[in-house]
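Chain naming here is simple, since letters A, B, ... match the order of the sequence lines and numbering starts at 1 in each.
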Amino acid sequence: MSDLPPSDISHDQHAVRRAKLAEMRAGGFDPFRANVATTHFSGDAIKLHVDGQDNAVTVTVAGRLVTIRDMGKSQFVKILDQQGQIQLYVKKDVVGDVAYAAFKKLDLGDILGAKGTLFKTKTGEVTVRVESYTLVAKALHPLPEKWHGLSDPEQVYRQRYLDLIVNAESRARLLLRSRIVSHIRRFLEAQQFIEVETPVLENTAGGAAARPFKTHHNALDVDFFLRIATELRLKRLLVGGFDRVFEIGRIFRNEGVSRKHNPEFTMLEVYQAYSDHRGMMTLIKDMLTTLCRDVLGTTKIKHAASGQEIDFAGEWREVDYKDLIREATGDAEWFARSKAEKIAGAEKLGLSVSPTWEEFEITNEIFSKKIEPTLIQPTFVLKLPKELCPLAKISLDDPTTIDVFELTIGGMEVAPAYSEQNDPDVQRAMFEAQAGEEKQNIDHDFLLALEHGMPPAGGMGVGIDRLCILLTGAESIRDVILFPQLRPGSMKTGETDKT
RNA sequence: GGGCUGGUAGCUCAAUGGUAGAGCAGUUGCCUUUUAAGCAAUUGGUUCCGGGUUCGAAUCCCGGCCGGCCCA
């Protein structure tokens, strides 16, 4: 460090703020030891004002200083709290000379509480006429620019708190996510579903086909996997007599990071005894329709990618998987074709498939690349090939398919659901057929549970992040996750130097 | 993992291979109903990091770090 401290620190906003803090402390006031007893959030306070009755109601609000309009002997400023912004009017002859002089030294980003009466300005904005205020936290770094906000995506994700302070759309979008999750809970509880929590650490990562994260428990000296689904645990609860259960849980999959994938994401899984996949169709339609109505205030949303309007209140299309494939390939006999013919058919559609793939994988490539993206309106795809999921019941009228649906909205898979397989012997056979040489991955304890008897049930998984993408119009999963996963980075950290 | 693309002041962005600039923010003044408030003056740069080419590099080349988009 130089032993010649710069005499002019006015260009260094951090140093200026540190100097202001030091001056306050030297004068006997430390903002970090102060607090304020608020009476209202901003939005609630604003609602208290009655037209024509200025200065009739006194409130104490608190928040972060985000706008300052200094007019010499008075200032209009705005503070931001959980509900939004509220304007404060600070007049020198009301708060007094000393307090006013101190107020002029506040910086954008500082957190303060203010007490005063509500009035309406001549431009019609309900404002607090400040009688007294207290600084309760000093911001030692400047806020991002007030008009453009923070737009560097890396900083938006790494320093989400700044994004939330200055980007109103981000605040609104992420708050909406909380309301969506809250609504789902209330919706399910109203139908007597019980919310449960099951382990994240598992001996066998089952219930889905995905690469798990691995970790180690020191005291037991055993490796654990982070769960890739909650399915097998929740079904054990059906065996245990919890007839309607759900979990909104974090799932971990050790796979790529992309616009639609975060290594940890949130999944709702619902199981209802004595129901089936048809029952789940009713459940999810009710859930999403009321969700739209209660949270968004409309059942019609704009799908950004396609420009289409998605209507949740209309009839939801039901179509068999095989019919979609036959339609896309223009081949009524597709499922009777040889593997070589299927490969040729897929390539004719512009897809590159490998001869090492199983036939159902070739067919499913057509589904996920050529069909799914076109299913914008809510669509139940029914009767999937049995190879795609070993946990569902085989269809009675077609033993090559299973009694399931895949709900697709906006070209994205939003919710798969099954008539759950409860025959322990069929279940074991399905596991073995799928696991191949890796039979050690079979969850034998789950099979034991099934042998004790699981009631017939419908079950469903809903990707909460994808649902939020859809309902908030977000472009990326990162925009609906508060702290998305990034490579450990070199974001400038807060210095600890004292000036 | 591959292709394309980006990293410049606290933030948002400029800058033909030739003196690194603007707006906001900051600092100093003026202004007691402002709405991106206004007016005047003014400070501020390891151009992500490390090499190379060149008389000269923010700019061109190579390598690295961290993002974004597309693909796998």
Over all atoms of both residues, closest heavy-atom pair of F367(A) and E406(A): CE2-OE2, 3.5 Å
Sugar-phosphate, base or nothing in reach of G256(A), heavy atoms under 4.0 Å: nothing
Sugar-phosphate, base or nothing in reach of L162(A), heavy atoms under 4.0 Å: nothing
Per P144(A) side chain, nearest of listed nucleotides C11(B), A36(B), U33(B): C11(B)
R250(A)/E264(A) ion pair, N-O < 4.0 Å: yes
N or O in side chain of R69(A) less than 4.0 angstrom from U34(B) OP1/OP2: no
Partner residues of K78(A) under the salt bridge (Lys or Arg N to Asp or Glu O under 4.0 Å) criterion, sequence neighbours left out: E125(A)
Comparing I68(A) and K73(A) on RNA chain B - which has the more 5′ nearest nucleotide: K73(A)
C1' atoms of C69(B) and U27(B), separation to the nearest Å: 41 Å
Atom of C292(A), atom of L471(A) and distance for their closest heavy-atom approach: SG-CD2, 4.0 Å
Residue K369(A), side-chain heavy atoms: nucleotide from A72(B), G67(B), C11(B) that is nearest: A72(B)
SB check K214(A) D223(A) (cutoff 4.0 Å): yes
Minimum-distance nucleotide (side-chain atoms of D152(A) versus U27(B), U12(B), G10(B)): U12(B)
R487(A) side chain near G67(B) phosphate (N/O to OP1/OP2, under 4.0 Å): yes
Touch class at under 4.0 angstrom, heavy-atom based, for K105(A) against every strand present: nothing
Distance between P atoms of U42(B) and G56(B) (Å, rounded): 36 Å
Pairwise P distance for A41(B) and G23(B), with rounding to whole Å: 11 Å
Distance, rounded to the nearest Å, where D107(A) contributes CG and C11(B) contributes C1': 15 Å
Short side-chain N/O contact to C69(B) OP1/OP2 from R478(A), under 4.0 Å: yes
Between G68(B) and U32(B) - C1' atom distance, rounded Å: 48 Å
Inter-nucleotide P distance (A58(B), A20(B)), Å rounded: 8 Å
Sugar-phosphate, base or nothing in reach of D70(A), heavy atoms under 4.0 Å: base
Listed nucleotide nearest any side-chain atom of D93(A), set U27(B), U32(B), U34(B): U32(B)
Euclidean distance, atom NE2 of residue H14(A) to atom P of G26(B) [Å, nearest integer]: 16 Å
Nucleotide of U43(B), U12(B), U34(B) approaching S10(A) most closely (side-chain heavy atoms): U43(B)
Base U34(B) to side chain Q87(A), donor-acceptor N/O within 3.5 Å cut-off: yes
Whole-Å gap separating P (G6(B)) and CG (L486(A)): 21 Å
Non-hydrogen side-chain atoms of K146(A) and V166(A) separated by less than 4.5 Å: no
For G18(B), the Watson-Crick or wobble counterpart (both distances under 3.5 Å): C55(B)
C1' gap between G21(B) and A9(B), integer Å: 10 Å
K104(A), nearest nucleotide to its side chain (from C24(B), C31(B), G68(B)): C31(B)
Separation of the P atoms in C61(B) and G17(B), to the nearest angstrom: 11 Å
Atom pair distance, as rounded to whole Å: NE2 in H148(A) and P in A22(B): 17 Å
Touch class at under 4.0 angstrom, heavy-atom based, for F119(A) against every strand present: base
N or O in side chain of K146(A) less than 4.0 angstrom from A37(B) OP1/OP2: yes
Shortest non-hydrogen contact between I402(A) and P385(A), atoms and distance: CD1-O, 3.8 Å
Interatomic distance where OH belongs to Y89(A) and P belongs to C31(B) [whole Å]: 14 Å
Donor-acceptor pair present, Q13(A) side chain and A25(B) base, under 3.5 Å: yes
Closest approach of V126(A) to L118(A) (non-hydrogen atoms, all atoms of both residues): CG1-CD2, 4.1 Å
Per R259(A) side chain, nearest of listed nucleotides A36(B), C70(B), U34(B): C70(B)
Quiz item: S151(A) side-chain donor-acceptor pair to U12(B) base, under 3.5 Å: no
Under-4.0 Å side-chain N/O to phosphate OP1/OP2 contact, Q155(A) with C11(B): yes
Same-atom distance (C1') from C71(B) to C11(B), integer angstrom: 33 Å
5'-most by nearest nucleotide on RNA chain B - V77(A) or E145(A): E145(A)
Nucleotide of U33(B), U43(B), C24(B) approaching D8(A) most closely (side-chain heavy atoms): U43(B)
Identified pairing partner of G6(B), criterion: Watson-Crick or G-U wobble below 3.5 Å: C66(B)
L108(A) side-chain proximity, nearest of U32(B), U12(B), A25(B): A25(B)
Value in whole Å for how far the P atom of C69(B) lies from NE2 of H261(A): 14 Å
Separation of atom CG in N262(A) from atom P in G68(B), rounded to whole Å: 11 Å
Nearest-neighbour nucleotide for the L150(A) side chain, G68(B), C31(B), U12(B) considered: U12(B)
R466(A) CZ to M267(A) CE distance, which is reported to the nearest 0.5 Å: 9.5 Å
